[in-house]
Trainee: 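Encoded as structure tokens, here's the structure I'll be asking about.
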Amino acid sequence: MAEKVGVYVCHCGSNIAGKVDVEQVAKWTGQHVKDVTVARDYKFMCSDLGQKLIEDDIKKEGLTRVVVAACSPHLHEKTFRRACSNGGLNPYLLEMTNIREHCSWVHSDRAAATEKAKSLVSAAAERVKWQQPLEPTYVDVNPATLVLGGGIAGLQATLELADAGHKVYLVERQPSIGGHMAQFDKTFPTLDCSACILTPKMSEAGQHENVTLLTYSELEEVTGSVGNFKVKVRQKARKVDYDKCTGCGVCVEKCPRKVLDSEFEAGMGTRKAIYVPFPQAVPRTPVLDTESCIWFERQRCGACRKLCPTDAIDFDQEDELLDLNVGNIILATGWKMFDCDQIPQYGYGRLANVFTSLELERMCNAAGPTAGKIVLRDGKTVPKRVAIIHCVGSRDIRHNAHCSAVCCMASLKFGHLLMEKLDAEVYSFYIDIRTNQKGYEEFYQRLLEEGMHFVRGKVSEVTDAARLPEEEGKLIVQCEDTLLGRQQRFPVDMAVLMGGMEPQTDARDVGLTCGISCSMAGFFTERHPKLDPVATMTDGIFVAGACQGAKDIPASVAQGAAAAARVQSMITRGKVMIEPIVATIDEENCSGCRICNNLCPFNAIDYDETRAVSHVITALCKGCGTCVSACPAQVITGAHFNNQQIFAEIEGVLWDAMQPTEATDASDTAEVSAS
Amino acid sequence: MKYAYYPGCSLESGSAAYDLSVRAVAEVLNIELEEIDDWNCCGATEYFTQDELVATSVIARNLALIRPDLRDVVAPCAACFLNLKKTDALMQDDPAMNAKINSALGAGGLHYDAGRVRVCHLLELLHTEVGEATLKEKMVQPLTGLRVAPYYGCQVVRPLGGLDNPEYPMKMDEMFKWLGADVVDYPVKAHCCGGHMTQISEDAAFELIRRLLQSAVDSKADLLLCMCPMCQLNLDAYQGRVNNFFNKDFQVPIIFFTQLLGVALGIDMQKLGFGKEIVGAEPIIQSRLAEQAAKANA
Amino acid sequence: MITETTEGHRSAFMREVMAETPGGEQLVHCLQCGSCGGSCPNGADMEFTPRAIFSMIAANRRHEVLASNTMWCCVSCYLCTTRCPQEIPITEIMYMLKRTSIAEGMATGTDAPALARTFTDLVEKHGRSFEFGLASRYYFFNKPMSLFKMGGMGFSMFTRGRIQLLPNKIRQVDQLQAIINKAKEIGGAS
Ligand SMILES: Cc1cc2nc3c(=O)[nH]c(=O)nc-3n(C[C@H](O)[C@H](O)[C@H](O)COP(=O)(O)OP(=O)(O)OC[C@H]3O[C@@H](n4cnc5c(N)ncnc54)[C@H](O)[C@@H]3O)c2cc1C
Ligand code: SF4
Ligand code: SF4
Ligand code: SF4
Ligand code: SF4
Ligand code: SF4
Ligand code: SF4
């Protein structure tokens with residue numbers, strides 16, 4: 001029995017109709033493509049009325065197949081599948097073809113674009129006839145969630161979910177949760193104490209009955225898909241038994257080995273070989289750093305083990321691999337600072353009194369290495385003049401092209417703190433001052449009132465080569481004051497580099513593990529920059545905070561909460577649909593060569609030893625088709641993409657080449673196609 | 001190792017010491033340098049201010065004259081090196097310019113395939129291609145006790161030259177550390193010497209020269225090592241006038257780095273062109289090496 | 001005040017600079033950050049910093065730019081180019097401005113064009129030059145009095161065999177001249 005195909009060509013306002021003669025396409029399809037019983041064009045197919053057209057035609061005309069020529073299936077395939085269902089047709093008997101992004105938006109010649117649209121529609125109509133009804137499967141959503149990264153964004157997401165009664169595994173690479181916010185003293189624009197607002201959230205996460213805290217741990221592997229991910233987490237050996245340790249701190253106190261702390265203290269302070277990174281750390285369980293411990297160097301000392309009152313120190317402890325089952329994953333891995341020594345003319349690492357912003361944050365912090373005193377590298381001299389250098393490694397196509405969004409505000413914060421604590425003269429060297437969130441411009445005004453100096457010009461160099469007597473022994477900041485149009489030199493005691501925010505070094509690897517992509521800069525790519533900022537192209541994987549792009553604390557918190565809300569709605573729904581577009585192996589004819597087994601990127605092919613054939617695990621298969629094309633016996637079929645469908649589609653595209661004789665009687669189109 | 005050699009005009013005249021020492025050093029290190037036959041002046045920066053096509057065609061003639069069996073060309077002078085490199089790069093990147101330049105060359109019966117030879121800097125050759133092991137092996141006179149300030153100048157280390165870190169180059173520093181010298185770190189080692197400003201606006205140029213000499217003196221360097229004839233000329237020949245101008249008393253010997261390398265390799269100082277510099281370098285080198293010998297005997 | 005032609009949303013002079021400079025298209029990305037102006041070793045002597053020049057180019061102030069001393073202060077040290085966060089070929093733009101300024105006879109008040117001409121004349125005649133000879137010849141014709149200032153220095157150079165009285169001549173000067181003439185005939189930058 002011949003199929004009855006309905007074809008609907010959308011104008012998309014003028015988006016498509018502006019470049020494609022949609023009426024002609026519809027008319028032509030009705031006349032020239034076999035089995036097309038209905039061919040219409042309509043202003044907005046996605047509108048209620050447009051969908052109604054399809055429903056009614058299915059019912060009245062008895063359509064058995066539907067083609068919609070409109071925008072991308074990413075946008076509206078769901079809409080039109082639903083319309084088919086409402087009309088009583090299996091939704092997989094719909095085919096969408098994209099004559100907007102693939103045609104009207106990318107061409108300028110109207111006649112040629114119209115011809116191309118005809119080919120695309122013809123291809124879809126030929127293929128749809130071979131499509132088969134498919135039934136999606138539904139799986140339960142595991143209500144547990146994995147949050148990767150315990151900075152402020154990850155903490156917010158964790159607490160939202162845990163408070164709603166759901167299980168959360170919070171995985172953090174460092175010995176403590178808290179992220180960068182734990183390093184700060186005050187936070188702009190309100191200058192509230194960072195610890196005061198962060199610590200309660202940290203301890204809540206540490207004690208929450210629904211939260212399993214896995215610190216000093218890394219993500220190893222993710223398999224499965226939305227609703228049912230299987231995750232492997234490596235809990236690195238802390239050499240301290242988490243359950244036995246009471247956090248008394250005796251081991252840390254007695255440990256004789258002191259080393260530079262290049263992580264939490266940004267190289268400004270020291271820690272012991274066995275350490276808790278900072279007093280408010282969660283958990284309080286110390287970590288033994290085997291790289292610096294005397295025991296691991298030459299089997300001596302062992303003081304911590306001898307003195308621990310609960311026998312919690314375990315030198316033989318090994319990394320542990322944990323298998324977790326979760327329904328959703330939220331990535332909140334945050335940012336890292338640009339390596340300021342990549343810009344040699346700023347002298348970081350060579351000129352002692354050039355500091356990074358993180359180093360200054362630590363010095364401002366009362367619990368920091370200098371107990372809140374801001375001093376030069378000698379540990380005692382108080383700087384009287386300080387230069388704050390903006391855009392270090394940001395807005396610079398040699399390093400990071402993007403604006404790091406927070407450093408202008410952080411500069412103002414430093415200006416305030418330096419004037420308040422030291423009564424210093426503070427110079428900000430900026431290209432543009434960016435203060436575009438609530439209360440930020442007001443903060444800028446406040447600093448103008450307080451007397452911070454603003455010089456518009458990207459700093460050219462920081463040097464110790466004095467030219468004038470007043471420059472002797474100082475750092476000289478050289479720049480063009482672009483508002484004066486003159487080269488200027490500013491002798492200062494201290495220069496602070498506002499290093500930009502970059503993605504974590506391993507962000508691309510984490511993305512790969514979770515099956516999501518990164519932008520050119522390396523930040524995780526969201527599903528839609530405006531309408532879907534925390535979801536990703538992979539269902540069940542969400543992003544929040546600075547790992548998605550440079551941002552401040554309020555925005556990170558908002559994203560953490562938003563990601564949690566998205567996960568909650570999945571949990572509430574309880575089930576997710578699994579697309580039936582999967583591969584099947586004709587096991588009768590499988591030779592058992594096992595070629596497909598290792599090719600499947602999703603590990604969805606199992607080998608049945610007893611029957612010596614391969615077998616697709618439907619729940620894991622994503623329908624990518626790799627195995628289909630690889631099978632030497634050609635016994636794997638990809639539903640919705642079988643050979644008949646694809647050949648029909650190709651013949652449809654090449655309709656004019658396929659029927660040279662018929663072209664004469666279709667005189668109206670022959671003219672156009674010749675042009 | 002065999003390289004085409006482009007000495008350039010300065011090395012024929014004002015900077016003969018550079019030419020002499022390059023050839024002497026090359027001989028000891030078994031580097032064969034074959035001078036390009038009938039090479040012409042590279043035009044320094046002067047043609048580029050007039051006509052880009054003439055500028056690049058004049059330079060390209062030299063590239064075209066390189067014997068087909070040679071793959072690398074060495075040009076010790078910074079301006080020559082950069083001009084050869086820039087022209088070759090332009091010809092590779094810009095097909096229209098490539099065609100025009102070759103059409104000009106054609107008028108002289110010549111042709112150059114862009115990218116055929118690699119333009120190599122002398123420092124790169126000695127530091128990276130000859131390398132630490134060979135230099136140490138051939139060293140007969142360690143430079144222990146001598147405080148040297150390597151001066152890189154501007155153009156060759158910038159990205160176009162691509163030789164080293166453009167702001168804080170280290171290759172010459174490393175090389176002389178291998179040879180036992182006390183290499184001083186001073187902040188202006190890749191700053192500009194004033195170039196041809198000495199001939200256009202003396203005041204401006206003198207200030208640049210003063211900054212360099214001052215920084216060398218502040219770092220207590222015994223002498224300053226150059227790798228460009230223009231730098232050597234500006235810092236050495238103009239030193240007296242800079243002293244008059246600023247009422248200073250700089251006495252900083254300025255020599256080519258290959259001259260001191262030659263000393264380390266045991267080559268006779270006369271053969272290395274010593275004595276041509278205006279602020280004499282021999283006394284300080286002799287006395288430091290003597291101090292060292294005395295210490296060794298004691 | 002908007003009086004300039006802005007075809008393609010760029011001033012006429014901006015289009016000219018972009019077309020006549022290798023890599024000049026990048027100029028549209030200038031942030032006006034001043035990194036170039038702050039870096040230039042001769043920045044203090046310039047009437048307008050390179051950054052200011054770029055904003056004048058965008059505003060089509062062709063005459064002011066070509067009559068300025070900015071490009072004549074440039075010694076092609078490439079420091080600005082190394083540091084420009086937008087990879088704008090600043091030094092090459094300075095060369096382009098020098099060429100245009102000479103071609104239109106606007107390079108007054110600087111010795112640089114005459115110096116360049118003396119130098120290239122020498123090359124065209126002999127195929128080689130000599131750096132110190134260059135200076136003395138130039139000063140002899142253009143600033144005879146200043147030779148006295150140089151006196152002592154010239155003498156010490158001479159006694160050390162560092163001054164040649166005549167440049168060397170290459171064998172095939174005619175071949176070089178043919179190339180130069182052909183290049184002049186084809187004309188123009190990229
Ligand atoms: C100098 C400076 C001052 C600032 N001051 C302010 C301010 O005053 N006010 C303000 O609003 N904003 C400020 N900010 C911005 C603020 O730091 C960020 O908005 C905030 O840190 C973003 O939080 P986050 O949770 O996304 O990332 P982070 O704080 O970076 O936290 C990410 C966490 O993830 C962990 N992690 C990373 N990768 C992995 C992995 N693979 N596996 C497991 N764990 C991982 C990290 O260890 C870290 O704990 C400042 C920024 C700078 C540079
Ligand atoms: S054994 Fe290691 S960690 Fe323990 S106290 Fe000694 S040095 Fe510190
Ligand atoms: S001494 Fe023992 S109980 Fe106390 S903090 Fe150290 S490991 Fe934990
Ligand atoms: S926020 Fe300010 S300092 Fe930071 S990159 Fe953007 S403009 Fe530069
Ligand atoms: S189509 Fe084949 S290769 Fe692709 S996911 Fe499914 S089983 Fe794996
Ligand atoms: S450094 Fe580059 S971006 Fe900045 S003002 Fe100069 S040309 Fe423009
Ligand atoms: S190249 Fe020219 S403009 Fe640029 S910094 Fe050097 S002298 Fe100044």
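The structure presented is a predicted model; accordingly, all values stated were derived computationally and were not measured. Within every chain, numbering begins at 1; the chains are lettered A, B, ... in the order of the sequence lines, protein sequences first and strands thereafter.
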Trainee: In terms of heavy-atom pairs under 4.5 Å, which option from C/Glu185, C/Met96, C/Gln172 contacts chain B the most?
Mentor: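 Among the listed options, the one with the most contacts to chain B is C/Gln172.
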
Trainee: Can you tell me which portion of B/Leu110 sits under 4.5 Å from chain C's heavy atoms? Options are side chain, backbone, both or neither.
Mentor: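 Just the side chain, heavy atoms under 4.5 Å.
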
Trainee: I need the C/Ile186 CD1 to B/Ser57 OG distance, nearest 0.5 Å.
Mentor: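 Going from CD1 on C/Ile186 over to OG on B/Ser57, the span is 6.5 Å.
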
Trainee: Where is the tightest heavy-atom contact between B/Ala107 and C/Lys182, given as atom of each residue plus distance?
Mentor: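 Answer, listing the atom of B/Ala107 first, then C/Lys182: CB-CB, 3.5 Å.
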
Trainee: Side chain from CB out, backbone as N, CA, C, O: work out which of these in B/Ser103 comes under 4.5 Å of a heavy atom of chain C, or both, or neither.
Mentor: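 Its backbone and side chain both get close to chain C.
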
Trainee: Are more than 12 heavy atoms from other residues, nucleotides or ligands located less than 6.0 Å from atom NE2 of C/His63?
Mentor: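 12 or below, so no.
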
Trainee: Between chain B and each of C/Asn181, C/Asp45, C/Val123, C/Leu97, count heavy-atom pairs under 4.5 Å; write down the option with the most.
Mentor: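 Maximum pair count with chain B is reached by C/Val123.
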
Trainee: Heavy-atom pairs under 4.5 Å with chain B are the metric here; pick the option from C/Ala107, C/Cys77, C/Ala178 that has the most.
Mentor: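 Of the options given, most contacts go to C/Cys77.
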
Trainee: When you compare the side chain of C/Ile180 with that of B/Val58, does any pair of heavy atoms fall below 4.5 Å?
Mentor: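 With C-beta onward as the side chain, the pair touches.
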
Trainee: Could you tell me if the side chain of B/Thr49 sits less than 4.5 Å from the side chain of C/Met71, heavy atoms only?
Mentor: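 SC-SC contact between C/Met71 and B/Thr49 ruled out.
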
Trainee: Would you indicate whether the side-chain heavy atoms of C/Val173 and B/Asn40 approach each other to under 4.5 Å?
Mentor: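 Answer no - side chains too far apart.
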
Trainee: Counting only heavy atoms closer than 4.5 Å, note whether B/Ala204 contacts chain C via side chain, backbone, both or neither.
Mentor: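 Both backbone and side chain.
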
Trainee: CD/B/Gln50 to NZ/C/Lys98 distance, rounded to the nearest 0.5 angstrom?
Mentor: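 If we round to the nearest 0.5 Å, B/Gln50:CD and C/Lys98:NZ are 11.0 Å apart.
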
Trainee: Name the option with the most non-hydrogen atom pairs under 4.5 Å to chain B; the candidates are C/Ala103, C/Cys73, C/Pro113.
Mentor: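 With the most close heavy-atom pairs to chain B, the winner is C/Cys73.
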
Trainee: Is chain C contacted by the side chain of B/Leu105, its backbone, both, or neither, given a heavy-atom distance below 4.5 Å?
Mentor: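 Contact with chain C: backbone and side chain both.
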
Trainee: Between B/Asn244 and chain C, which part of the residue has a heavy atom less than 4.5 Å away: side chain, backbone, both or neither?
Mentor: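 Contact with chain C: none, neither part.
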
Trainee: At a 4.5 Å cut-off on heavy atoms, which part of B/Glu167 comes close to chain C: side chain, backbone, both, or neither?
Mentor: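 Looking at B/Glu167, just its side chain touches chain C.
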
Trainee: Measuring only between side-chain heavy atoms, which start at C-beta, is B/Leu90 closer than 4.5 Å to C/Pro22?
Mentor: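 Yes, their side chains come closer than 4.5 Å.
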
Trainee: For each of B/Asp93, B/Asp37, B/Ile101, tally heavy-atom pairs with chain C at distances under 4.5 Å, and name the one with the top tally.
Mentor: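 Ranked by heavy-atom pairs under 4.5 Å with chain C, first place is B/Asp37.
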
Trainee: Could you tell me which non-hydrogen atom of B/Gly194 sits nearest to which non-hydrogen atom of C/Val75, and how far apart they are?
Mentor: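 Looks like O-CG1, 3.3 Å.
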
Trainee: Mind listing the closest non-hydrogen atom pair of B/Arg61 and C/Ile179 along with its distance?
Mentor: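 So the two residues come closest at CD-CD1, 3.9 Å.
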
Trainee: Please determine, among C/Thr100, C/Leu176, C/Asp174, the option with the most heavy-atom pairs under 4.5 Å with chain B.
Mentor: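 Top option by heavy-atom pairs under 4.5 Å: C/Leu176.
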
Trainee: What pairs of residues pass the ring pair (Phe, Tyr, Trp, His ring centres under 6.0 Å) test when at least one of them lies in residues 37-62 of chain B, not counting sequence neighbours?
Mentor: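 Pairs touching residues 37-62 of chain B that pass the test: B/Tyr6-B/Trp39, B/Phe48-C/Tyr95.
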
Trainee: Could you tell me whether the side chain of B/Leu53 reaches within less than 4.5 Å of the side chain of C/Lys184, counting heavy atoms only?
Mentor: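 No, every pair of side-chain atoms sits at 4.5 Å or beyond.
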
Trainee: Where on B/Asp236 is there a heavy atom nearer than 4.5 Å to chain C: the side chain, the backbone, both, or neither?
Mentor: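 The side chain, not the backbone.
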
Trainee: Under the ring-ring contact (aromatic ring centres under 6.0 Å, His included) test, which residues partner C/Phe13, sequence neighbours left out?
Mentor: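 Here no residue qualifies.
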
Trainee: A side-chain contact here means heavy atoms from C-beta on lying under 4.5 Å apart; do C/Glu20 and B/Glu52 qualify?
Mentor: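 A side-chain contact under 4.5 Å is absent here.
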
Trainee: Where do B/Cys192 and C/Pro41 come nearest, in terms of heavy atoms and distance?
Mentor: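 Residues B/Cys192 and C/Pro41, closest heavy atoms: CB-CG, 3.8 Å.
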
Trainee: So which of B/His191, B/Glu277, B/Glu207 has the biggest tally of heavy-atom pairs under 4.5 Å with chain C?
Mentor: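 Most heavy-atom pairs under 4.5 Å with chain C: B/Glu277.
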
Trainee: Could you look at C/Ile102 and say if it's the side chain, the backbone, both or neither that has a heavy atom under 4.5 Å from chain B?
Mentor: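 The answer is the side chain of C/Ile102.
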
Trainee: Which heavy-atom pair separates B/Pro166 from C/Thr82 by the least distance, and what is that distance?
Mentor: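 Of all heavy-atom pairs spanning B/Pro166 and C/Thr82, the closest is CB-CG2, 3.5 Å.
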
